[in-house]
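Okay, so here's the structure we're looking at.
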Amino acid sequence: MTPRGFLALACSTFLLASCGGDQTGGDPADLMSATFNGGFWIGDEPSEQQFTEITSIAFAPDGKLVVMDRGEATVTVFDPDGREVARWGNQGEGPGEFSGTRGKLAVSATATVAVDDAGSVDLFTVGGTLIDSHPLGALSVFDLGFDGDGNVLARTQSHEALVVNTGEQILRLTDQLVVWSSEPSSADRLQWFRPHLEFASLPDGRIAVGMSDQYDLVVLDASTGRELDHISRDIPLRGPSDEFADRFLGDMPELRGRVTLAETFPVISGVFTGPPGRAVWIRRGMGVGDSLAPPADDMDEWTFVLYDLFSGDAYEYLGTVQIPPGLELMAGDATRVAGVHTGAMGEHSVRVMRVNFSDPLDVG
């Protein structure tokens with residue numbers, strides 16, 4: 001496998017025009033001039049490792065990249081230059097094997113890797129040695145993180161949520177402490193765009209939590225659950241119009257009387273920290289209705305390529321970055337971002353790129 005450089009792509013006036021849309025409430029000047037270049041990508045060539053379904057990516061503290069391929073039930077570790085240094089896991093029920101993973105992982109400040117599996121969250125070294133395991137009982141896990149003391153945090157929901165709309169929780173698995181919880185949903189089960197909990201680990205033992213249909217994340221001390229700050233924007237939000245509902249459900253007439261659409265599209269669809277320094281990157285969903293957003297009623301034109309950046313100290317909005325199409329960013333460090341690229345045939349590959357901003361940013 002030979003890592004290859006990623007061609008530079010700058011956010012420019014042309015890219016801004018391609019965003020389309022005629023919504024109000026945003027300033028096109030908010031689109032930041034950023035260049036993505038350098039780094040490496042892996043998985044495009046037959047001679048390289050081929051991925052099936054990349055579901056989670058995280059940087060280790062020494063710069064290694066840890067990638068979870070849910071389709072292969074495998075964790076692969078790359079050094080900062082893109083060379084594979086470890087690969088472990090496969091389908092099975094033995095130590096270091098996964099029998100029902102959702103494909104979520106997280107890496108602690110001491111390089112412990114947490115991976116979800118059917119009935120447990122397992123802890124490994126970066127090299128794949130099993131360290132510990134936390135049984136889940138009647139809980140499902142949707143995201144993982146760590147607090148400042150190295151304890152595993154999980155976004156969980158009871159199995160009974162399939163029947164009763166219970167809320168979601170951020171749970172510390174070592175002692176089952178509930179750090180944060182959402183309200184149970186009052187909607188019926190068949191609701192499209194139902195709000196869910198967004199969760200991300202931040203530096204200095206903090207976490208960000210909030211609901212996907214609001215632009216308001218609460219910053220908490222992950223060890224105590226104490227509220228410290230908010231990451232939010234006061235911008236126009238939008239939901240499905242009648243025309244959108246007709247088009248969305250037009251090919252499914254049998255569902256017309258059984259499905260409801262949420263009042264608001266998802267507003268936030270991912271959070272991680274990345275360059276420059278400790279900035280917070282928020283992946284915007286269809287619910288953001290400012291002037292940078294594509295038209296909500298035309299799903300064929302919708303690509304999730306806009307990320308809002310916030311400073312890492314006061315969580316002030318810095319601007320919005322547009323990334324290359326087909327790419328979903330999942331992780332970052334001081335200078336790089338990493339994500340999964342989906343090709344024309346649905347194939348996945350790993351992208352790691354350096355980010356350079358034309359103007360200095362005060363990120364704290």
Side-chain angles (χ1 to χ4, degrees), residues 6 8-12 14-16 18-21 23 25-37 39 54 56-59 143 198-203 208 210 212-217 219 231-233 235-237 265-294 296 301-312 315-342 350-359 361-364:
F6 197 84
L9 178 62
C11 291
S12 64
F14 171 77
L15 290 177
L16 173 59
S18 70
C19 288
Q23 305 296 325
D27 183 354
D30 289 343
L31 195 66
M32 304 165 67
S33 179
T35 302
F36 297 82
N37 55 20
I54 299 173
S56 195
I57 296 176
F59 281 104
D143 279 306
E198 288 287 344
F199 161 56
S201 294
L202 304 178
S212 61
D213 63 336
Q214 304 171 26
Y215 210 125
D216 185 22
L217 295 170
V219 179
I231 304 174
S232 61
R233 291 190 66 193
I235 56 176
L237 303 182
F265 285 122
V267 175
I268 295 174
S269 60
V271 184
F272 67 90
T273 58
R278 305 188 306 169
V280 179
W281 290 57
I282 294 182
R283 188 186 191 210
R284 294 165 33 141
M286 294 171 66
V288 178
D290 65 11
S291 62
L292 298 179
E301 293 186 9
W302 244 97
T303 54
F304 297 90
V305 297
L306 297 176
Y307 287 70
D308 290 344
L309 271 63
F310 294 80
S311 65
Y315 305 112
E316 296 177 345
Y317 172 64
L318 301 173
T320 300
V321 171
Q322 180 168 327
I323 67 170
L327 181 66
E328 178 183 355
L329 300 181
M330 298 181 177
D333 61 13
T335 61
R336 300 175 298 167
V337 291
V340 55
H341 182 270
T342 303
V350 173
R351 297 284 196 271
V352 177
M353 300 168 290
R354 294 191 176 275
V355 185
N356 298 299
F357 299 93
S358 61
D359 298 317
L361 298 178
D362 181 12
V363 297

Margin query: For Ser232, give me all partners under side chain to side chain donor-acceptor pair (under 3.5 Å), at least two apart in sequence or on another chain.
Written below: none

Who passes side-chain contact (heavy atoms from CB on, under 4.5 Å) against [X], sequence neighbours left out?
X	result
Glu316	Ser311, Ala314
Ala58	Leu105, Val107
Thr320	Leu31, Arg233, Arg284, Leu292, Leu306, Asp308, Tyr317

Item checked: ring-ring contact (aromatic ring centres under 6.0 Å, His included) against Phe199, all qualifying residues, sequence neighbours excluded -> none

Next item on the list: Check step by step if side chain to side chain contact (heavy atoms under 4.5 Å, CB included) holds for Met353 and Leu327.
Entry: CA-CA 11 Å; Met353 300 168 290; Leu327 181 66; 3.2 Å; yes

What pair of heavy atoms forms the shortest contact from [X] to [Y], and how long is it?
X	Y	answer
Phe304	Gly285	CE2-CA, 3.8 Å
Gln322	Phe36	O-CE1, 3.7 Å
Met330	Val340	CE-CG1, 3.3 Å
Val305	Pro324	CG1-O, 4.3 Å
Val288	Ala293	O-CB, 3.3 Å

Between [Y] and [X], is there a side-chain heavy-atom distance shorter than 4.5 Å?
X	Y	result
Glu328	Thr342	no
Leu318	Phe357	no
Asp290	Asp30	no
Phe272	Phe59	no
Gln214	Val267	no
Tyr315	Leu202	yes

Measure the [atom1]-[atom2] distance between [X] and [Y] for me, rounded to the nearest 0.5 Å.
X	Y	atom1	atom2	result
Leu329	Tyr307	CG	OH	4.0 Å
Ile231	Ile282	CD1	CD1	5.5 Å
Ile323	His341	CD1	NE2	9.5 Å
Glu198	Asp216	CD	CG	13.0 Å

Margin query: By the salt bridge (Lys or Arg N to Asp or Glu O under 4.0 Å) test, which pairs, at least two apart or in different chains, include something from residues 330-340?
Written below: Asp333-Arg336

Next item on the list: Give a yes-or-no answer on whether the side chains of Thr273 and Arg278 include a donor-acceptor pair shorter than 3.5 Å.
Entry: no

Check: Would you say Trp281's side chain and Pro275's backbone share a donor-acceptor pair under 3.5 angstrom?
Finding: yes

